[in-house]
Engineer: 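The structure under discussion is supplied below as structure tokens; questions concerning it will follow.
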Amino acid sequence: MTRYTIAASEAAALLLPWYDRHHRDLPWRVSPPMARQGIVADPYHVWLSEVMLQQTTVQAVKAYFDKFLRLWPTVEDLASAETEDVMKAWAGLGYYARARNLKKCAEAVSREHGGRFPDTEERLKALPGIGDYTAAAVAAIAFNRRSAVLDGNVERVISRLYAIEAPLPAAKPRMRQLIAELTPAERPGDFAQAMMDLGATICTPKRPACSLCPFRPKCLALHNADPETFPRKAAKKEKPLRLGAAFVAIDQAEAVYLRKRPETGLLGGMTEVPGTDWTARRDGATTLDAQPFAAAWQPCGAVSHVFTHFELRLSVYRANVIAALPGVEGWWEPIASLKTQALPTVMKKAIAQAIPHAFNQG
DNA sequence: TAACCGTGGAA
DNA sequence: TTTCCAAGGTT
């Protein structure tokens, strides 16, 4: 029983010329002409972009990538930064464990590797926040290693090329084996980026542009099935609804009472306004138990926010207080500087619900 | 292994 | 409006 195979040399011959013509120009990339002259992207830039791009769109990452390079031009600069400043700069990008691990990784590179990123997959993967994908990507793109780079784009391309019927995530080891066989020794970094560009622009989740695809003569799904139905995926479960309350206190100088969340877990290490736990209960009786201090709390509506594994509905309460007294666990932050705080989106929504002009220009 | 962990844009 | 999901990692 012989299985369907595509030679790495054939894959390279089809994909690399396509990449030379149709690659995306991205801020963290070295263009193919430069790459063929032996110019390699800065490992710090590659690593920073790859971490930011985990489960995040290119469009969302661009502005953050520029901001981080402006604030911390080298990995040593980032290693020396205050974690709090890193969290503030990351605010809004999501998955905040990435920011905490980014800082830890920079420190490890500085301390354990003399400020230079290791150039092998194995040693890269030993660093915080670097898993299978990111280790392979940095090794291939920044160090020209022939590593098997498998991300969501590549999974989709591979699943269609070989018409893989097994659903994700169970099929992932099989896909890793296939991409390892398919990756050429020639220009492995460009090959990896080409696979991802192909998945992002041609071999898209919906309505793939198969007529423009360089792999068209080799794609089993195109010839034997419907490419759009790949990759097969296990059914996902629905998100439960959780309820909670948030308290927005404003003093006479228009400062808001904020506090820091625990370092781990949901929105770990980020800033918040005080509030209740977020539970599935509909019990309003305990709401005021969570007030940061006694005040004339007025209900001012609710905000909804969708997290990865649940939906949240927050009842928002507002109180105007005479003076900024308490400060037991938090601090008073002027409205003017709220936008530079480490506030996750759900907290900005809650504050904006209580103070509509809080995040206005100026 | 499966649950946990954000956000915003597109269709 | 709802659904999907984007260059995943950690526990």
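Here is how names work: the chains are called A, B, and so on, in the same order as the sequence lines, proteins then strands, and each is numbered from 1.
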Engineer: Which atom names give the shortest non-hydrogen contact between A:Arg100 and A:Thr264, and what distance separates them?
Structural biologist: NH2-CA, 4.4 Å
Engineer: List the atom pairs, with distances to 0.1 Å, where a side-chain N or O of residues 90-97 of chain A and a protein N or O form a donor-acceptor pair under 3.5 Å, not counting sequence neighbours.
Structural biologist:
residue: A:Trp90; atom: NE1; partner: A:Gly94; partner atom: O; Å: 2.9
residue: A:Tyr96; atom: OH; partner: A:Gly92; partner atom: N; Å: 3.1

Engineer: Just jot down the side-chain hydrogen bond (donor to acceptor under 3.5 Å, both in side chains) partners of A:Thr134, sequence neighbours excluded, or say none.
Structural biologist: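 In terms of side-chain hydrogen bond (donor to acceptor under 3.5 Å, both in side chains), with neighbours along the sequence ignored, A:Thr134 is linked to A:Gln54.
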Engineer: Going by ring-ring contact (aromatic ring centres under 6.0 Å, His included), name the residues that satisfy it together with A:His223, two or more places apart in sequence or in a different chain.
Structural biologist: none
Engineer: If the plane angle is over 60° it's perpendicular, under 30° parallel, otherwise tilted; pick one for A:Trp297 and A:Phe247.
Structural biologist: perpendicular
Engineer: If you look only at distance, which donor and acceptor atoms sit under 3.5 Å apart when one is on a side chain in residues 170-180 of chain A and the other is two or more places apart or in another chain?
Structural biologist:
residue: A:Arg174; atom: NH1; partner: A:Gln177; partner atom: OE1; Å: 3.3

Engineer: Base, sugar-phosphate, or nothing for A:Leu26, non-hydrogen atoms under 4.0 angstrom?
Structural biologist: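 Base contact - A:Leu26 has a heavy atom under 4.0 Å of at least one base atom.
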Engineer: Determine whether A:Ile355 and A:Ile335 satisfy the following criterion, side chain to side chain contact (heavy atoms under 4.5 Å, CB included), listing intermediate values before the conclusion.
Structural biologist: CA-CA 9 Å; A:Ile355 316 170; A:Ile335 282 186; 3.9 Å; yes
Engineer: How is A:Arg100 classified with respect to the nucleic acid when contacts are heavy atoms under 4.0 Å: base, sugar-phosphate, or nothing?
Structural biologist: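 It contacts nothing in the nucleic acid.
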Engineer: Nucleotide by nucleotide, 5' to 3', does protein get under 4.0 Å of the base (B), only the sugar-phosphate (S), or neither (-) in nucleotides 6-11 of chain B, counting heavy atoms?
Structural biologist: BBS---
Engineer: Does any residue of residues 117-134 of chain A have a heavy atom under 4.0 Å from DNA chain C, and if so, which ones, in number order?
Structural biologist: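 Correct list: A:Pro128, A:Gly129, A:Ile130, A:Gly131, A:Asp132, A:Tyr133, A:Thr134.
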Engineer: Under 4.0 Å, heavy atoms only, any strand: does A:Pro205 hit a base, just the sugar-phosphate, or nothing?
Structural biologist: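 The answer is sugar-phosphate, as A:Pro205 gets under 4.0 Å only of primed atoms, P, OP1 or OP2.
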